[in-house]
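Please read the structure below before turning to the comments.
Whatever order the structure lists them in is the order used to number ligands and atoms, beginning at 1. Heads up: numbering here begins at 1 and tracks the sequence.
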Amino acid sequence: MTSRLIFCSLLALAVTGALLTSGRPAAALDSDANASLIARGQYLTGDAGQCADCHRPNFVGGPNLVPGPPGAPWAKTVPSLRGLKMFANDADAVAFLHTAKLPNGQTALRPMPHYNFSVPDAGAIVAYLRSLE
Ligand code: HEC
């Protein structure tokens, strides 16, 4: 009788423990992590980085309105950043924001700044800009 009681108590403890430690399903945690990554990317491109000063509100791109020194290589247009369609994959986009180097080893034309975001910050920016259609 006593051993049965102990067994049942242990079983109840095990079930409670499993319920407490499992928490929410992994998918919900993943989507929370993704949402906070995107929120950080929005902050870094917005209030912090002010990419829209050149890339236009909502990052739609357009003509480059920043005047450059005469004769110097200078961009005529500013690309749309929505979806980051100029990069074939996320790794190239993260590398560009981390090292300022494009996949061909060159830097973008000025006045695009030569950013050196940390890899996690570059990843957040890429996640956010990719989330825009
Ligand atoms: C001072 C103006 C300016 C600011 C601020 C700016 N950009 Fe740019 N960006 C440019 C210009 C101009 C180009 C086009 C360069 C070229 O044609 O080579 C460009 C190009 C790019 C490209 C495409 C690179 C390529 O050649 O494929 C990306 C990605 C980019 N910018 C991201 C950003 C992000 C992210 C921010 C903010 C953190 C930002 N830019 C802020 C001016 C700016």
Side-chain angles (χ1 to χ4, degrees):
M1 201 55 170
T2 320
S3 68
R4 193 169 188 190
L5 191 66
I6 291 172
F7 174 76
C8 286
S9 309
L10 285 177
L11 189 67
L13 274 177
V15 169
T16 315
L19 283 175
L20 283 176
T21 51
S22 72
R24 289 179 303 143
L29 293 176
D30 275 1
S31 83
D32 279 3
N34 200 39
S36 64
L37 194 67
I38 286 175
R40 176 144 185 88
Q42 186 168 18
Y43 159 73
L44 288 167
T45 53
D47 289 346
Q50 313 206 351
C51 314
D53 275 7
C54 297
H55 288 272
R56 303 288 138 73
N58 299 316
F59 313 113
V60 294
N64 177 22
L65 303 177
V66 182
W74 202 254
K76 291 194 169 55
T77 57
V78 188
S80 165
L81 297 180
R82 300 181 70 81
L84 279 184
K85 300 199 172 78
M86 66 288 272
F87 292 103
N89 55 63
D90 287 359
D92 284 351
V94 169
F96 173 66
L97 292 170
H98 177 58
T99 66
K101 294 277 170 60
L102 292 161
N104 65 9
Q106 309 226 302
T107 52
L109 285 174
R110 296 291 189 178
M112 172 62 189
H114 292 176
Y115 287 113
N116 294 124
F117 286 102
S118 70
V119 170
D121 282 352
I125 291 173
V126 171
Y128 169 61
L129 293 173
R130 286 261 200 244
S131 78
L132 306 175
E133 290 303 317

**OP:** Group every Ile, Leu, Val, Met, Phe, Trp and Tyr by side-chain heavy-atom contacts under 4.5 Å, then state whether Leu97 and Leu102 land in the same group.
**Re:** yes
Original post:
Do you know which two heavy atoms are closest between Pro111 and Val66, and how far apart they sit?
Top reply: CG-CB, 4.0 Å
Subject >> Atom indices of ligand 1, in the order listed, that fall short of 4.0 Å to a heavy atom of Phe87 >> reply: 29 (C)
Original post:
Mind checking whether Phe96 and Phe87 have parallel, tilted or perpendicular rings, split at 30° and 60°?
Top reply: tilted
Original post:
How far is atom 41 (C) of ligand 1 from its nearest protein heavy atom, and which residue and atom is that?
Top reply: Tyr115 OH, 3.4 Å
**OP:** May I ask you to identify the nearest protein heavy atom to atom 25 (C) of ligand 1, giving residue, atom name and distance to one decimal place in Å?
**Re:** Leu102 CD2, 3.5 Å
Subject >> Passing option when Arg130 is tested against Leu84, Ile38, Leu81, Ile125 for side chain to side chain contact (heavy atoms under 4.5 Å, CB included) >> reply: Leu84
Subject >> Main-chain N/O of Phe117 paired with His98 side-chain donor or acceptor, under 3.5 Å >> reply: yes
Original post:
When you look for heavy atoms under 4.0 Å from ligand 1, do you find them on the side chain of Leu109, its backbone, both, or neither?
Top reply: both
Original post:
Hey, which atoms in ligand 1 end up nearer than 4.0 Å to a heavy atom of Pro113?
Top reply: 3 (C), 4 (C), 6 (C), 7 (N), 43 (C)
Subject >> Within 6.0 Å of CG in Asp47, more than 12 heavy atoms from elsewhere >> reply: no
Subject >> Any donor-acceptor N/O pair, Asn58 side chain to Val60 backbone, under 3.5 Å >> reply: no
Original post:
Among protein heavy atoms, which sits nearest to atom 17 (O) of ligand 1, and what does the distance come to when rounded to 0.1 Å?
Top reply: Ala75 CB, 3.8 Å
Original post:
When you measure from the side chain of Ser80 to the backbone N and O of Phe59, does any donor-acceptor pair fall under 3.5 Å?
Top reply: yes
Original post:
With His55, which of Arg82, Gln50, Met112 fulfils side chain to side chain contact (heavy atoms under 4.5 Å, CB included)?
Top reply: Met112
Original post:
Would a 4.5 Å heavy-atom cut-off, applied to side chains only, mark Trp74 and Pro67 as touching?
Top reply: no
**OP:** Consider ligand 1: state whether an atom of it lies below 4.0 angstrom from any non-hydrogen atom of Thr77.
**Re:** yes
Original post:
Taking atom 8 (Fe) of ligand 1 as the vertex, what is the angle from NE2 of His55 to SD of Met112, given to 10 degrees?
Top reply: 180°
Original post:
Is Pro79 touching ligand 1 with its side chain, its backbone, both, or neither, if touching means heavy atoms under 4.0 Å apart?
Top reply: side chain
**OP:** Report the member of Pro103, Gly49, Cys51 with the shortest heavy-atom distance to atom 36 (C) of ligand 1.
**Re:** Cys51
Original post:
Looking only at heavy atoms, is any part of Met86 under 4.0 Å from ligand 1, and if so is it the side chain, the backbone, or both, or is it neither?
Top reply: side chain
**OP:** Could you check atom 24 (C) of ligand 1 against the protein and tell me its nearest heavy-atom contact, residue, atom and distance included?
**Re:** Phe96 CZ, 3.7 Å
Original post:
Is there a heavy atom of Trp74 sitting under 4.0 angstrom from any atom of ligand 1?
Top reply: no
Subject >> Contacting atoms of ligand 1, where contact means under 4.0 angstrom from a heavy atom of Phe117 >> reply: 38 (C)
Subject >> Shortest non-hydrogen contact from Pro73 toward Leu109 >> reply: CB-CD2, 3.9 Å
Original post:
So is Leu81 in contact with ligand 1, going by heavy-atom distances below 4.0 Å?
Top reply: yes
Original post:
Out of Pro63, Gly46, Gly41, Cys54, whose heavy atom sits nearest atom 2 (C) of ligand 1?
Top reply: Cys54
**OP:** Record the part of Val66 in heavy-atom contact with ligand 1 below 4.0 Å; permitted values are side chain, backbone, both and neither.
**Re:** neither
